[in-house]
Amino acid sequence: MDTKLFQMKETIDESELKAVAKILQEGETVAFPTETVYGLGANATDEAAVQKIFQAKGRPSDNPLIVHVATKEDLYELTKDLPAYVDALIDHFSPGPITYVLADAGKVAPTVTAGLSTVGVRIPSHPVALAILQATKLPLAAPSANRSGRPSPTEAAHVATDLMGKIGALVDGGSTDVGIESTVLDCTGDFPLILRPGAITADDIARIAGACHTYEVEGEADKPKSPGMKYVHYAPEVPLILVDRERLSERIAHYQEKAQRIGLLYESEAFAAFEVAQKRHMGQDDREIAQELYRHLRAFSKADVDVLICEYPSLAKGHAILDRLERAATEII
Ligand code: TXA
Ligand code: MG
């Protein structure tokens with residue numbers, strides 16, 4: 001397939017926007033930027049179009065997709081039986097990096113929800129994403145635009161590496177701002193429950209909804225509440241070893257003895273002096289670490305390193321960045 005490229009980094013050209021909308025209306029897939037990561041979108045009400053997302057990504061079909069809409073009214077169209085606190089959450093956090101899991105009104109194609117009675121919906125804040133949603137007048141199902149299992153794309157080049165030739169179009173909107181995926185919030189109970197942590201935290205949500213809990217998978221449960229949580233995620237090309245600061249030098253020595261080419265992703269400046277094949281600094285603060293995380297993970301390739309040693313960053317338990325690193329890790333030491 002010939003993947004058409006569109007440039008919307010600085011300005012959004014009306015005729016190009018129409019062309020992108022047409023591709024989506026005709027049932028093709030289009031990758032576009034959101035404020036979190038790039039998404040691979042298709043008409044959420046068209047089963048055949050949605051199937052193309054799963055094919056392009058190599059995604060297991062029991063993993064439901066997030067539906068993107070432009071307004072609160074559009075979100076209400078797709079859902080039903082909303083608890084009272086949802087309205088306040090939407091007014092406060094949307095458009096923005098949060099997905100609401102709500103009772104499904106039956107408007108989207110069956111594969112979008114993977115047979116669940118709920119649907120995940122979010123209103124993205126990225127101007128390009130909003131412009132595309134407004135131009136198509138369609139709800140767009142859009143998972144992250146990476147091959148299944150790989151780190152999510154935070155720039156158009158990442159999407160091109162994973163999906164070029166497999167999708168209808170790619171819209172370049174520059175680097176994404178947040179860098180990690182939206183907070184996924186189950187809003188079917190008396191209080192909201194975080195299924196996937198993101199930039200909007202349990203404390204932020206509790207301030208608006210009165211309370212907020214975080215779902216934790218116990219043991220090797222084969223039916224987690226958010227189906228996506230059971231799969232390999234965010235994996236770089238080489239094994240990622242997540243290591244406590246105190247044991248980092250020892251681990252580096254261990255792999256050096258085995259003549260392995262070491263990649264190092266570090267937080268503490270103390271490790272900047274280590275002599276390894278390739279090293280990258282995580283970032284100055286939480287915001288920058290999130291923004292750069294997937295770019296870092298994608299930068300360590302098999303051609304250059306055999307193993308990636310990553311310093312366990314000093315963040316509170318349950319932080320979204322730790323969640324992603326722990327899922328990406330082959331080993332945690
Ligand atoms: O920031 C984001 O959320 C990005 C951008 C593109 O919007 N999208 C994204 O989609 O991360 P994806 O498909 O990579 O992750 C969606 C997550 C999966 O873990 C999935 O299992 C969960 O949301 N999910 C979707 N619908 C759900 C539902 N009805 N119930 C429970 N979990 C759901
Ligand atoms: Mg994903």
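Counting convention: from 1, in listed order, for ligands and their atoms alike. None of the values given here were measured: they were computed from a predicted structure.
When each of Arg245, Lys279, Met282 is tested with Tyr266 by the rule side-chain contact (heavy atoms from CB on, under 4.5 Å), just one qualifies, namely Lys279. Checked options Leu265, Ile262, Leu242, Leu264; the residue passing with Leu308 is Leu265 (criterion: side-chain contact (heavy atoms from CB on, under 4.5 Å)).
Each of the atoms 28 (C), 29 (N), 30 (N) of ligand 1 lies under 4.0 Å from some heavy atom of Thr118. Taking every heavy atom of Leu116 and a limit of under 4.0 angstrom, the matching atoms of ligand 1 come to 28 (C), 29 (N), 30 (N). Atoms of ligand 1 found under 4.0 Å from any heavy atom of Thr36 (numbered from 1 in listed order, with element): 1 (O), 2 (C), 4 (C), 5 (C). Ligand-side atoms of ligand 1 in range of Arg59: 12 (P), 13 (O), 14 (O), range being under 4.0 angstrom from any heavy atom. Within the listing of ligand 1, atoms 6 (C) sit less than 4.0 angstrom from a heavy atom of Gly39. Heavy-atom proximity to Ser144, at under 4.0 Å, picks out these atoms of ligand 1: 8 (N), 9 (C), 10 (O), 12 (P), 14 (O).
Considering Gly115, Ala142, Ala31 only, the shortest heavy-atom separation from atom 8 (N) of ligand 1 involves Ala142.
Partners of Asp177 under the salt bridge (charged side-chain N to carboxylate O under 4.0 Å, His left out) rule, at least two apart in sequence or in another chain, are Arg287.
No heavy atom of Pro97 sits closer than 4.0 Å to any atom of ligand 1. Leu195 counts as a contact of ligand 1, since one of its heavy atoms falls under 4.0 Å from the ligand.
Between the side chains of Asn43 and Thr45, at least one donor N or O sits under 3.5 Å from an acceptor N or O. Ser182 and Thr99 form a side-chain donor-acceptor contact under 3.5 Å, judged by distance and modelled atom types alone. Remark: the Glu181 side chain and the Ser144 side chain contain no N/O donor-acceptor pair separated by less than 3.5 Å. In this structure, a donor-acceptor pair under 3.5 Å is absent between the side chains of Glu155 and Tyr294. Residues Arg122 and Thr183 have side chains that never bring a donor and an acceptor to within less than 3.5 angstrom of each other.
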Apply ring-ring contact (aromatic ring centres under 6.0 Å, His included) to His158 and Tyr38, showing your working.
CA-CA 9 Å; His158 297 163; Tyr38 275 72; 8.4 Å; no
Before you tell me yes or no, could you show the steps for Thr161 and Arg147 under side chain to side chain donor-acceptor pair (under 3.5 Å), namely the whole-Å CA-CA distance, both residues' side-chain angles and the distance that decides it to 0.1 Å?
CA-CA 9 Å; Thr161 302; Arg147 285 285 298 170; over 6 Å; no
Pair Leu78, Val67 - check side chain to side chain contact (heavy atoms under 4.5 Å, CB included), show working.
CA-CA 9 Å; Leu78 302 180; Val67 181; 3.6 Å; yes
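Taking the six-membered ring where the residue is Trp, Phe191 and His213 present perpendicular rings, their angle passing 60° and hence far from 30°.
Excluding waters, the protein N/O/S atoms found under 2.8 Å from the Mg ion (ligand 2) are Ser144 OG.
When heavy-atom distances to ligand 1 are checked against a 4.0 Å cut-off, Pro143 comes that close through both its backbone and its side chain. In Asn63, the part holding a heavy atom less than 4.0 Å from any atom of ligand 1 is the side chain.
For ligand 1, the polar-atom distance check against His68 finds a nitrogen or oxygen pair separated by under 3.5 Å. No N or O atom of Lys57 sits closer than 3.5 Å to an N or O atom of ligand 1.
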